[in-house]
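Taking it in order: structure first as structure tokens, then the write-up.
One-based numbering, in listed order, for ligands and for the atoms of each.
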Amino acid sequence: MPQKIVAGNWKMNGTQASLSEIQAIAETTQDIHCSAILCPPAHLLHSAARLPGQLAIGGQNCHHAPSGAFTGDISAEQLADCGAFYVIVGHSERREGYSESDSLVRAKAQAALKSGLTPIICLGESQEQRAAGKALEIVLAQLSGSLPDDPQVIIAYEPIWAIGTGLVPSVAEITEVHDALRTQLYTIFGAAGQDISILYGGSVKPSNAQEIFAITHVNGALVGGASLKAEDFLPIMRSLAES
Ligand code: 13P
């Protein structure tokens, strides 16, 4: 059975003062029956990982090399050294903003696994690709190109047009993509592919979480804006626990 997971991606938001918000999340997660992961910006990782509670910490990106002359980058090993257990790879903001290809995302996922981190591999089509009827084709190609050899991964389907816009795909659209991802994971990994959690991401809020979590093969969410406040993040976790 895939694990139920709510992961928060803080992106480039937050300062030391935000640790109190992470603490509020960490203190409450142990009372909610689903896994919670928070990916704060890199400078908060070390402190966030030391807060008491059941909140696992993840990075938002890593370099594919273990170390070396890569100014401004962080390796998977360094994330693990901060106390992280997860790392987001292939977020559309990196695929688009830094021209990250499927093969680079795959190399990052392999590097994460090598350092003992579970990669959260993001996939998703643009508005133009969906309008052209190519959403499924694009997302499945990203999956095959980005997956490492090992099934110890989490997948996040995040349609680019739904990120930070308040737009959410219909239940039928999410169902179609998640069903296809599950089938392809089974084809690639066999039975182990059935246990991989597939998260939905893109404008998930307390108000729409219940409807999204009722969809077959949606095993949780990757949350941006609504992960910044405990008062928004915790109700999303509760919706998943009750689903
Ligand atoms: P929002 O929840 O703000 O739409 O962001 C989603 C996201 O990009 C998470 O990685």
Any carboxylate oxygen within less than 4.0 angstrom of a Lys/Arg side-chain nitrogen, looking at Lys11 and Glu93? yes
Give the atoms of ligand 1, by number and element, whose distance to some non-hydrogen atom of Gly225 is under 4.0 Å. 1 (P), 2 (O), 3 (O)
Arg182 and side chain to side chain donor-acceptor pair (under 3.5 Å): which partner among Thr187, Thr216, Asn219? Asn219
Look at atom 2 (O) of ligand 1 and say which protein heavy atom is nearest, naming residue and atom and giving the distance to 0.1 Å. Gly224 N, 2.9 Å
Would you say Leu185 and Leu143 make side-chain contact, with heavy atoms under 4.5 Å? yes
Counting from 1, what ligand 1 atoms have a heavy atom of Glu158 closer than 4.0 Å? 6 (C), 7 (C), 8 (O), 9 (C), 10 (O)
Measuring from non-hydrogen atoms of Lys11 to any atom of ligand 1, is the shortest distance under 4.0 Å? yes
Please say whether Ser203 places an N or O atom under 3.5 Å from an N or O atom belonging to ligand 1. yes
When only distance counts, is Gly201 in polar contact with ligand 1, meaning an N/O pair under 3.5 Å? no
Whether the side chain of Trp10 engages the backbone of Ser227 through a donor-acceptor N/O pair (distance < 3.5 Å, no angle test) should be reported. yes
Pairing of Arg106 and Asp149 as salt bridge, 4.0 angstrom limit: yes
Do the side chain of Thr118 and the main chain of Val153 share a donor and acceptor less than 3.5 angstrom apart? no
Measure the acute angle between the ring planes of His178 and Tyr157, then classify it against the limits of 30° and 60° as parallel, tilted or perpendicular. perpendicular
Contact region, Ala162 to ligand 1, non-hydrogen atoms below 4.0 Å, reads backbone
Co-membership, hydrophobic cluster, residues Val171 and Tyr200, 4.5 Å side-chain: yes
Mind checking whether Val223 has an N or O less than 3.5 Å away from an N or O of ligand 1? no
Does any N/O atom on Glu93 come nearer than 3.5 Å to any N/O atom on ligand 1? no
Just heavy atoms, cut-off under 4.0 Å: does Ile163 contact ligand 1 by side chain, backbone, both, or neither? both
If the cut-off is 4.0 Å to any non-hydrogen atom of Leu222, which atoms of ligand 1 fall inside it? 9 (C), 10 (O)
